[in-house]
Amino acid sequence: MNTMTTTTKSTPPAMDTPPARGLLPLPAGLARALVPAGGLITVVSAFLPWTWTSDFAGDLTYYGYPAGLQLLAIVAGVITVAFGLGAHGVKGLRWLNPGKSPNALFLAALSAFAVTWYTGIAITIELGGLVNLEPGGLLAMAGGLVGVLGALGLPQPADNEATGLAAYFSRPAHIPEADLPSDWVQRVILTLVVALGLVVFTYGIGIDPEESETFIGFVLLLAIGAWALNTSGLTVRYSRLNAGHRGFSTTMAFIAAVIFPFTQSDDHNANLGVNILIFATVALGLNIVVGLTGLLDLGYVAFLGVGAYAAALVSGSEFSRFSGVHVPFWGAALIGMGSSLVFGVLIGAPTLRLRGDYLAIVTLGFGEIFRIAVNNMDGSSGPDITNGPDGITNVPDLNVFGFDFSQSHDLGPFTIGRFANYFFLMLIFTAIVVLVFTRAADSRIGRSWVAIREDETAATAMGINGFRVKLVAFALGATLAGLAGTVYAHETYGVVPNPYQFAGAAPPNSAFLLAAVVLGGMGTVGGPLLGASLLYLIPEKLGFLKEYELLAFGVALVLLMRFRPEGIISDSRKKLEFRATGQMDVPDQTTLEPATGVAKAGG
């Protein structure tokens, strides 16, 4: 009888996974030491002259007196040192990188590298050669390079699927939960974050437009520094804190906005602030249509124009068709809002049965029809209503309850100028619009808007009246735009047809408003506010971009859609939609083995 022998092959023991290495073959200890060393060198270099002449922006010629780009280099260097020491386990700094990601160190070092090397290259090009760089400038560039080289030597975690340089730009897969501090500590943290935001915004808006190099360095530091904080996981931690104190955070943000005019000695910066608030308010109205309901409106700026023209006609301008009519501001505001509401309903009723590209084309046509119509209503090409291309000028300043907006007012040691007066008024309107937006988004109609945005066919099948819901969104968004238009007409002393077009080199235009919503984050409150601030402030400070503004505008949007399609501030739904596709956890599949024996009935 032959006996069959079964040979069992033993599985070789699993080989140890080799430790992950950085992009540069540096010892891990040396790489971690180079990062804070590079940041320290950058900080020290800022107290030395970077160039010999004061012709370069910011006057970087002094010993021990950093200015302009040198101050930005100090901030970037301090951030790099803090992240580097936190990686060494220094107490009090480990909280900077809760995800323990080496990529946060790389991005912190990259911020110092970007500021210093941009400054060195700009000095070389503008002043005509490397000889214009003083030893301090060369030392700054060396410090930035040392920090980046050290960060590129940091080993990557084993769960990072990216390879090469791309691995240093990815976020950690998981940010661990942390025990929340006491309630008052959380409120202190939120207050400090808001105060930091006020300082950053005040510094950025206060940069002289003639010093565009300084503003570019500021944007580089802000963008890469924010990227580092996001990669480290700090933004996730802040979001968790903010979610539990949303009302407190909103109140502190409002207080910070109230404080802003008192930090400015130049009323021109208050003018920038009031224009940002006007366009941010209009963008919030558009966010109802685009972000919540999912309707692509390419002619939304026309509703701003309707409100502005309606208010200008009844505010006592001598160039108005109704020059003898001068209603109080609250009446002009109601007339502007009502006019925009009527136009929103008249345009929406016959067109909102369309979807997608067809609706976008119709709204684009409405925007152009409005601009052409008010341009032709001059008494010769059409009825004499809007004074044609000359518009309605000399709209008087507001006078509300005896408060004259055209006059400066002393408030203790501070002087509140004309634009600061309008800033405070517009801040109240912005708060009202934010309240309307949040209440509407959390209501039953808001959930219907989101359902329509996600799948209109399914929402209709579940009993939602799609046409009525979309019409409400269209009308509400138009009304909010009309409210902002009434303030815009008085703040600019008049209205003319040219700004109310689809795209242009300067706001307001429909492309600007739509980009503010998409750039900031659709469906959020802070997104349009941030998007409008960036899109208005950057062209204002970078005067040399006037001829290429639309080109830079398009490039920025392409980059955003590539690297952060959900916007700078994204809600959880959008983040899942754009980031989690194909990455959902799938439970392990088990193979069913045939059962031996007889199973009981129902077993």
Side-chain angles (χ1 to χ4, degrees), residues 35-36 38-47 50-51 56-60 66-84 86 96-97 103-123 136-137 139-148 150-151 168-169 192-193 195-209 211-232 234-235 238 519 530 533-535 537-542 545 552 556 559-560 563-564 568-569:
V35 174
L40 183 60
I41 294 172
T42 303
V43 172
V44 172
S45 70
F47 293 89
W50 286 10
T51 183
F56 189 76
D59 196 359
L60 313 179
L69 287 160
Q70 291 172 325
L71 291 174
L72 299 176
I74 290 176
V75 174
V78 168
I79 293 175
T80 305
V81 171
F83 272 94
L96 284 171
N97 193 0
N103 301 340
L105 277 72
F106 167 73
L107 290 169
L110 184 63
S111 67
F113 175 84
V115 172
T116 54
W117 277 73
Y118 162 73
T119 306
I121 294 172
I123 291 174
L139 183 64
M141 297 176 71
L145 182 61
V146 167
V148 167
Y168 288 86
F169 293 95
L192 292 176
V193 171
L196 179 61
L198 175 62
V199 171
V200 171
F201 181 77
T202 301
Y203 180 85
I205 203 172
I207 296 176
D208 190 345
E211 298 181 357
S212 57
E213 297 86 356
T214 303
F215 189 78
I216 293 176
F218 170 75
V219 172
L220 289 174
L221 173 60
L222 184 62
I224 302 177
W227 198 350
L229 296 179
N230 183 59
T231 302
S232 69
L234 273 182
T235 54
Y238 173 76
L519 172 68
L530 178 60
S533 300
L534 292 176
L535 292 178
L537 195 58
I538 291 177
E540 174 71 22
K541 298 298 182 180
L542 301 181
L545 279 179
L559 293 176
L560 179 73
F563 295 104
R564 195 169 178 83
I568 299 176
I569 300 176

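Being a predicted model, the structure only gives us computed values, none of them experimental. Numbers here simply count residues along the sequence, with the first being 1.
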Original post:
Do Thr80 side-chain atoms and Ala108 backbone N/O form a donor-acceptor pair below 3.5 Å?
Top reply: yes
**OP:** Report the distance from atom OG1 of Thr231 to atom CG of Leu105, rounding to the nearest 0.5 Å.
**Re:** 11.0 Å
Original post:
Minimum heavy-atom separation for Ile74 to Ala46, with atom names?
Top reply: CG1-CB, 3.3 Å
Original post:
Measuring from Tyr118:OH to Phe113:CZ, what's the distance to the nearest 0.5 Å?
Top reply: 14.5 Å
**OP:** Give, for atom CZ of Phe47 and atom CG of Leu139, the distance between the pair rounded to the nearest 0.5 Å.
**Re:** 12.5 Å
**OP:** Taking the side chain as every heavy atom from C-beta outward, state whether Val75 and Phe218 have any atom pair closer than 4.5 Å.
**Re:** no
Original post:
Taking all atoms of both residues into account, what is the closest heavy-atom pair of Phe215 and Gly204, and its distance?
Top reply: CE1-O, 3.8 Å
**OP:** Heavy atoms only: give me the nearest Thr202-Leu198 pair and the separation to one decimal.
**Re:** OG1-O, 2.7 Å
Original post:
Does the Ser232 side chain pair with the main chain of Leu96, one donor and one acceptor, at a distance under 3.5 Å?
Top reply: yes
**OP:** Working to the nearest 0.5 Å, report the span between CG of Leu69 and CG of Asp59.
**Re:** 12.0 Å
Subject >> Any side-chain heavy-atom pair of Trp50 and Ser45 under 4.5 Å >> reply: yes
**OP:** For the residue pair Leu145 and Trp117, establish whether any side-chain heavy-atom pair is separated by less than 4.5 Å.
**Re:** yes
Original post:
Any donor-acceptor pair under 3.5 Å linking the side chain of Lys541 with the backbone of Ser212?
Top reply: no
**OP:** Over all heavy atoms of both residues, which pair between Gly217 and Val115 is shortest? Give the atoms and the distance, please.
**Re:** O-CG2, 4.0 Å
Subject >> Taking every non-hydrogen atom, the tightest pair across Gly120 and Met141 >> reply: CA-SD, 3.9 Å
Original post:
Below 4.5 Å, heavy atoms only, C-beta onward: do Trp227 and Asn103 meet side chain to side chain?
Top reply: no
Subject >> Minimum heavy-atom distance Ala151-Ala109, with the two atoms named >> reply: CB-CB, 4.4 Å
Subject >> Distance in Å, Ile224 CD1 paired with Leu107 CG, rounded so as to fall on 0.5 Å steps >> reply: 7.5 Å
**OP:** Decide yes or no for Thr119 and Phe56: does some side-chain heavy atom of the first lie under 4.5 Å from some side-chain heavy atom of the second?
**Re:** yes
**OP:** Would you give the length of the straight line joining atom CG of Leu72 to atom OG1 of Thr42, rounded to the nearest 0.5 angstrom?
**Re:** 12.5 Å
